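Treat the numbers as computed from the prediction; the structure is a model and nothing was measured.
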Amino acid sequence: MLEYASYALVLLALGAYVLLDGYDLGIGILSLFDRSDQRRKEYNELIATAWDANESWLILAGVALWAGLPGVYATVLPGVYLPLIVMLLALVLRGTAIELQSAAPGYRRGWGLVFGISSLVATVCQGLVVGGVLSGLPHRGGVFTGSTWDWLTPYSVLCALGMVAVYLLAGAAWLQDKTTGTAHERAGRLGRPLILAVAVAGLVLGFGLRFADPQHLGFDQPLRATLFGLAVAVAVVCAATAWYGFGRRPDWRPFAAVAGTEAAGLLALVAATAPVVVPPDLTVHAAAGPHGSQLFLLIGVGGCMPVVLAYNLYAWWVFRGKFARPPAHTDPAGPPDTGAAAERSVPAAPAAGDGPWAAVAARRVLLTLLAVAVAAVSQDVFGGVRVWIGPVGVALFAMTALAGWIRSDRRSAAAGEFDLQAADK
C-alpha cells in the first residue's frame, strides 16, 4: 500500500501546484493583453508576495516522484526533457522579472513583457508535458525507448491550449478577489467568456482522451464510472457557481469555485486512468521504488507538506484583503533635506570582530553539521545501506556552502544591510 500513498502524495503536490501557481501564471498571461501600465504593475505586485511559495509545490512533486515512483521518473523525464527544460528556464526568467519589476519605482515595460511571455511559455510547456504523457510515451522495462519529439502530439497541443484557458480563468478569479477599481471590473467581465473556453477545452480533452490514450480506460467498470461521473458532476456545479459569482459579491466565490473545478477535474482524470500512470501499461505498483525509499518519502516529504502549506496559509493571512497601492511618502516639515538624505543613505558598517559575529558563525557551523548528520543517518536508516554514502563529498559540499554563506553575510554587513536602525530612519 505504500506505493499508493506515494502516488497520493505526488497527486496532492501536483494538484496544489496547479491550484496555487496556476492563478499567478494566469495573471502573468493576462498582463500581456492589458494596455494599462498601472494595472500591469498592480498585477506584478499582487503576486510578488506568493509566487515563490506557490512554486515550492512543484519541487515537492518532483521529489515525491523521484523517491516514490522512480519508474515514472525514469520513463517520463527522458521523454519530455525539451518542454521541461524550457518550462524551468521560463520560471526562472519569470521570477527574475517579478522581483526586478517589484523593486523598480515605476513600470518597466521590458520586464513586464518578460513576466507575461515567460508565464505563457511555462503554461504551454506544462500542457505539452501533461498531454505528451497522456498520449503514451514508448518504454520497455522501465526505460524510455522513444525519440526527442514523441511528446509533441495533437493531444498535447490541445492540452497546452486547455491549460492556458484554465490558468487564465484562475487568474481572473483571483483578480476579482484581490483588486479594486478597473482591474476588478475587468476581471468580472473576463470570467464568463473564460468559463466557456474552459468548458469547451474540457469537452474536447475529455472525449479526445479516449482516442489519444493507448490504454483501455475501463469505463465498463461500475466503480470507476461512478467516481468519474461524480467528479465531473462536481466540476460542473463548481463551474456554474463561478459563472454566477463573476461580477457579483462576495468576491472570493469565483476563485473558490474555480479551485473546486480544478480539483474535480484532476480527480476525474485519476479515476479514468488509475492505476496506470504512464500509458499504456506502467502502473503504480510497477513504477514504485523500494520499501525503504517509500518509507523515507512518506516521513520526509509527508512531513514537509504541512510546513509548506503553513507557509502558504501564513502568506495568505498576512496579505489578506484587497491590494492597495501604498501612499506616496511626504515630509510635513517641507522639502527634503538633501544633505540629511545623503547622510542617511550612507551605509553604516557594523564593527567587525565583536562577540555577536562569532556567535552567529558558530551557530551556523553547528546547524550545518547537524543537517549533514541527519541526512547521512537518514540515508543509512531508510536506505538500508549501512554505509555513509560519500562522506567526503558531503563534507566538501557542506563546507563550501558554509564558506559561501559566511562570505555573503560579510558582504551584506559591509554594505550596511543588517543595520536595521539605519534602515528604519
Side-chain angles (χ1 to χ4, degrees), residues 1-22 25 53-81 83-84 87-88 91 122-123 125-137 139 142 144 151 156 159 163 166 209 213 215 224 227-228 231 259 262-309 311-312 382-383:
M1 293 299 292
L2 283 180
E3 62 268 28
Y4 287 98
S6 301
Y7 183 47
L9 279 181
V10 173
L11 291 177
L12 177 62
L14 286 177
Y17 174 76
V18 170
L19 172 64
L20 296 175
D21 206 34
L25 284 169
N54 296 340
E55 288 184 358
S56 60
W57 289 97
L58 185 62
I59 300 173
L60 275 180
V63 172
L65 194 65
W66 171 66
L69 304 174
V72 178
Y73 196 88
T75 304
V76 169
L77 255 66
V80 296
Y81 265 146
L84 207 58
M87 181 197 75
L88 293 176
L91 290 178
T123 304
C125 288
Q126 289 176 17
L128 290 174
V129 169
V130 173
V133 173
L134 290 175
S135 299
L137 294 171
H139 58 274
F144 176 70
W151 50 269
S156 68
C159 274
M163 190 73 82
V166 171
L209 182 63
D213 197 325
Q215 68 164 314
R224 183 189 298 274
L227 293 176
F228 180 79
E262 291 175 341
L266 179 61
L267 290 177
L269 180 61
V270 173
T273 59
V276 173
V277 280
V278 181
D281 55 3
L282 186 60
T283 63
V284 174
H285 181 73
H291 184 273
S293 298
Q294 303 276 333
L295 189 60
F296 179 76
L297 169 72
L298 293 177
I299 295 175
V301 178
C304 287
M305 283 190 173
V307 177
V308 178
L309 184 60
Y311 178 31
N312 285 120
F382 296 107

Looking at every heavy atom in both Gly131 and Cys159, which two are closest together, and how far apart are they?
CA-SG, 3.6 Å
Quick one: CG on Leu137 to CG on Leu282, what's the gap to the nearest 0.5 Å?
10.0 Å
Could you tell me which residues satisfy ring-ring contact (aromatic ring centres under 6.0 Å, His included) with Phe228, sequence neighbours excluded, listed by chain and number?
Phe219
Any non-hydrogen side-chain atom of Leu269 less than 4.5 Å from a side-chain atom of Leu134?
yes
Kindly write out the residues that satisfy side-chain contact (heavy atoms from CB on, under 4.5 Å) with Ala5, not counting sequence neighbours, or none if the list is empty.
Leu298
Listed partners of Ala53 passing side-chain contact (heavy atoms from CB on, under 4.5 Å), at least two apart:
Tyr311, Asn312
Taken to the nearest 0.5 Å, the spacing of Leu11 CG from Tyr4 OH works out to 12.0 Å
Nearest heavy-atom pair of Pro280 and His139: which atoms, and what distance?
CD-CE1, 4.1 Å
Taking only residues two or more places apart in sequence, or in another chain, which ones meet Glu262 in a salt bridge (charged side-chain N to carboxylate O under 4.0 Å, His left out)?
none
If I take atom CG from residue Leu25 and atom CG from residue Leu20, how far apart are they, to the nearest 0.5 angstrom?
11.0 Å
ring-ring contact (aromatic ring centres under 6.0 Å, His included) involving Trp57 - partner list, sequence neighbours excluded:
none
Could you tell me the separation between the CG atom of Leu14 and the CD atom of Gln126, rounded to the nearest 0.5 Å?
9.5 Å
Only distances under 3.5 Å count here; give the side-chain donor-acceptor pairs of residues 66-77 to other protein atoms, sequence neighbours excluded, each with its distance to 0.1 Å.
| residue | atom | partner | partner atom | Å |
| --- | --- | --- | --- | --- |
| Thr75 | OG1 | Gly71 | O | 2.8 |

For a quick test of reading the model, state the closest non-hydrogen atom pair linking Met87 to Leu58 and the distance between them.
CE-CD2, 4.0 Å
Closest non-hydrogen atoms of Ser156 and Ser135, given as atom of the first, atom of the second and distance, are N-OG, 4.4 Å
Got a donor-acceptor contact below 3.5 angstrom from the Asp21 side chain to the Asn54 backbone?
no
Taking all heavy atoms of Arg224 and all of Pro275, pick out the closest pair and write down the distance.
NH2-CD, 4.3 Å
Quick check: do Val270 and Leu227 have side-chain heavy atoms less than 4.5 Å from each other?
no
For a quick test of reading the model, state the closest non-hydrogen atom pair linking Trp151 to Gly79 and the distance between them.
CD1-O, 3.2 Å
Would you say Tyr17 and Leu60 make side-chain contact, with heavy atoms under 4.5 Å?
no
Value for CG (Leu84) from CG (Leu88), rounded to nearest 0.5 Å, stands at 5.0 Å
